[in-house]
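All remarks here apply to the structure that follows.
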Amino acid sequence: MTKQKKKRNKVYKGIDAALTHPIVTRISAANRNKLSQWWFDRKSFLRPILITSLVVIIVAWLLFELVRVVNGV
(Lines give C-alpha, C1' and ligand atoms only; values in the text may rest on other atoms or scores of the structure.)
Protein backbone atom coordinates (compact mmCIF):
# COMPACT_ATOMS: atom_id res chain seq x y z
CA MET A 1 0.00 0.00 0.00
CA THR A 2 1.22 3.43 -0.86
CA LYS A 3 1.06 6.36 1.47
CA GLN A 4 -1.92 8.64 0.75
CA LYS A 5 -1.20 12.25 -0.05
CA LYS A 6 -2.25 14.72 2.65
CA LYS A 7 -5.12 16.98 1.60
CA ARG A 8 -4.56 20.70 1.57
CA ASN A 9 -6.69 22.48 4.20
CA LYS A 10 -5.17 25.94 3.89
CA VAL A 11 -7.20 28.61 2.07
CA TYR A 12 -5.61 29.67 -1.19
CA LYS A 13 -5.12 33.44 -1.34
CA GLY A 14 -3.25 33.85 -4.59
CA ILE A 15 -4.02 36.24 -7.44
CA ASP A 16 -6.29 33.75 -9.19
CA ALA A 17 -8.11 32.69 -6.00
CA ALA A 18 -11.89 32.73 -5.90
CA LEU A 19 -13.34 35.93 -4.50
CA THR A 20 -15.01 35.71 -1.13
CA HIS A 21 -18.70 36.44 -1.04
CA PRO A 22 -19.78 39.65 0.69
CA ILE A 23 -21.59 39.40 4.02
CA VAL A 24 -25.22 40.46 3.72
CA THR A 25 -26.77 42.20 6.71
CA ARG A 26 -30.54 42.41 6.62
CA ILE A 27 -32.09 45.28 8.52
CA SER A 28 -35.79 45.78 9.03
CA ALA A 29 -37.27 49.04 10.21
CA ALA A 30 -40.26 49.33 12.52
CA ASN A 31 -42.33 52.35 13.40
CA ARG A 32 -42.85 52.16 17.17
CA ASN A 33 -44.37 54.56 19.64
CA LYS A 34 -42.24 55.78 22.57
CA LEU A 35 -43.39 53.12 25.02
CA SER A 36 -42.87 50.28 22.53
CA GLN A 37 -39.42 51.56 21.65
CA TRP A 38 -38.49 51.87 25.33
CA TRP A 39 -39.61 48.27 25.96
CA PHE A 40 -37.79 47.01 22.84
CA ASP A 41 -34.53 48.65 23.95
CA ARG A 42 -34.68 47.35 27.54
CA LYS A 43 -36.50 44.03 27.07
CA SER A 44 -33.47 41.78 27.48
CA PHE A 45 -32.56 43.52 30.75
CA LEU A 46 -36.03 43.95 32.29
CA ARG A 47 -37.67 40.62 31.41
CA PRO A 48 -35.65 38.42 33.82
CA ILE A 49 -36.10 40.99 36.59
CA LEU A 50 -39.88 41.09 36.08
CA ILE A 51 -40.18 37.30 35.92
CA THR A 52 -38.09 36.88 39.08
CA SER A 53 -40.08 39.48 40.98
CA LEU A 54 -43.36 37.87 39.89
CA VAL A 55 -42.19 34.45 41.11
CA VAL A 56 -41.08 35.96 44.45
CA ILE A 57 -44.46 37.68 44.90
CA ILE A 58 -46.36 34.44 44.15
CA VAL A 59 -44.21 32.40 46.55
CA ALA A 60 -44.61 35.03 49.28
CA TRP A 61 -48.40 35.05 48.79
CA LEU A 62 -48.54 31.24 48.95
CA LEU A 63 -46.46 31.21 52.14
CA PHE A 64 -48.72 33.88 53.66
CA GLU A 65 -51.81 31.82 52.83
CA LEU A 66 -50.19 28.65 54.20
CA VAL A 67 -49.38 30.37 57.51
CA ARG A 68 -52.93 31.76 57.64
CA VAL A 69 -54.45 28.28 57.10
CA VAL A 70 -52.15 26.61 59.63
CA ASN A 71 -52.96 29.22 62.31
CA GLY A 72 -56.70 28.92 61.57
CA VAL A 73 -57.30 32.63 61.07
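All values derive from a computational prediction rather than experimental measurement. The first residue in the sequence is number 1, and the count goes up from there. Below, each value reflects all heavy atoms present in this structure, side chains not excepted, and no hydrogens, waters or symmetry copies.
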Straight-line distance of Arg32 CZ to Leu35 CG, nearest 0.5 Å: 12.0 Å
Pairwise distance CG(Asn31) to CD(Gln37) - rounded to 0.5 angstrom: 9.5 Å
Name the atoms and distances for all side-chain donor-acceptor pairs under 3.5 Å in residues 54-61, with sequence neighbours left out.
none

Results of side-chain hydrogen bond (donor to acceptor under 3.5 Å, both in side chains) for Asn33 - residues two or more places apart only: Ser36
Hey, can you pull the donor-acceptor pairs under 3.5 Å for the side chains in residues 45-52, sequence neighbours left out?
{"unit_1": "Thr52", "atom_1": "OG1", "unit_2": "Pro48", "atom_2": "O", "d": "2.7"}

